Amino acid sequence: MAATSVAAVPAGPTTAAGRVRAKGPVLHPRLVAVVTAVSCAAHVWLAASGRHGTWLSVLMLALAAVCVPCTVHIWRHGRVGALHQVTAAAVAMAALHAALLFGAGGAGHAHGGQPPSSAGAGSGSMDLLLVVALELTTALLAATLVARLRRFAR
């Protein structure tokens, strides 16, 4: 519809293709959206793998479904509300996974009656560390984008 619109294009710098150059950061919101999408895909993959109980798989699918709209909003518009939601969810997930990793007395991560991951070869603990790192990276990128957007708005 925009191609047939007769609305005036706002004045400002343009790209080589004649499009109006974006106001504000472009790469940073896209990076946050991609990292958030990777996190969503990881939750869907883990839920589909069947390594977790049914209720945890349903919970992971629900969390991914909640995060997908925020990913789209961040990709398209870099909305601060979506960034706040992604930051809060990522910090909460990092804290939850860290609690599972370190457990009560170092018991480790266990699901559905299986032995804790610290009782195995250690790959479960490494997986949890990678998940915590992904979630902290997501939170950091989203929070720094909020700060950039606030500074740009001045």
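Keep in mind that this is a model prediction, so the values were computed, not measured. Nothing fancy with the numbering, it's 1 onward along the sequence. FYI, side chains are in, hydrogens and waters are out, and symmetry mates aren't considered; it's all heavy atoms of this structure.
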(message) If hydrophobic clusters are built by linking Ile, Leu, Val, Met, Phe, Trp and Tyr wherever their side-chain heavy atoms come under 4.5 Å apart, do Met60 and Trp45 end up in the same one?
(response) yes
(request) To the nearest 0.5 angstrom, please state how far the CG atom of Leu136 sits from the CE atom of Met93. (result) 12.0 Å
(message) Could you measure the distance from the OG1 atom of Thr54 to the CG atom of Leu59? Nearest 0.5 Å is fine.
(response) 12.5 Å
(message) Do Trp75 and Val34 have side chains that approach each other closer than 4.5 Å (heavy atoms only, starting at C-beta)?
(response) yes
(request) Nearest 0.5 Å please: distance from the CD atom of Glu135 over to the CG atom of Leu96. (result) 9.5 Å
(request) Indicate the atoms forming the closest heavy-atom contact of Ala65 with Pro69, along with that distance. (result) O-CD, 3.1 Å
(request) Identify the two heavy atoms, one from Cys70 and one from Val86, that lie closest to each other, and give their separation to 0.1 Å. (result) CB-CG2, 3.7 Å
(request) Let me know which of Leu134, Thr137, Val131 forms a side chain to side chain contact (heavy atoms under 4.5 Å, CB included) with Ser39. (result) Leu134
(message) Using the rule that Ile, Leu, Val, Met, Phe, Trp and Tyr join whenever any side-chain heavy atoms are under 4.5 Å apart, tell me whether Val58 and Leu63 fall into a single cluster.
(response) no
(request) Spell out, as yes or no, whether a donor-acceptor pair under 3.5 Å connects the side chain of Arg79 to the backbone of Ile74. (result) no
(message) With a sphere of 6.0 Å drawn around CZ of Arg30, does it hold more than 12 non-hydrogen atoms of other residues, nucleotides or ligands?
(response) yes
(message) Looking at every non-hydrogen atom in both residues, tell me the closest pair between Ala143 and Thr87 and how far apart they are.
(response) N-OG1, 3.7 Å
(request) Can you see which heavy atom on Gly78 is nearest to which on Pro29, and at what distance? (result) CA-CB, 4.5 Å
(request) Spell out, as yes or no, whether a donor-acceptor pair under 3.5 Å connects the side chain of His77 to the backbone of His73. (result) no
(message) Measuring only between side-chain heavy atoms, which start at C-beta, is Leu83 closer than 4.5 Å to Leu149?
(response) yes
(request) Identify the heavy atoms of Thr144 and Leu141 that sit nearest to each other, and give their distance. (result) OG1-O, 3.0 Å
(message) With rounding to the nearest 0.5 angstrom, report the CG to NE2 distance, Leu145 to His28.
(response) 4.5 Å
(request) Determine, using the 4.5 Å side-chain heavy-atom cutoff (strictly less than), whether Val35 and Val80 are members of one ILVMFWY cluster. (result) yes
(message) Taking Val32 as the starting point, is it possible to reach Val146 by hopping between hydrophobic residues whose side chains are less than 4.5 Å apart?
(response) yes
(request) Could you give me the CA-CA distance, side-chain angles and deciding distance for Gln85 and Val66, then say whether side-chain contact (heavy atoms from CB on, under 4.5 Å) is met? (result) CA-CA 10 Å; Gln85 190 169 351; Val66 166; 3.9 Å; yes
(message) Once rounded to the nearest 0.5 Å, what's the spacing between atom OG of Ser57 and atom CZ of Arg51?
(response) 10.5 Å
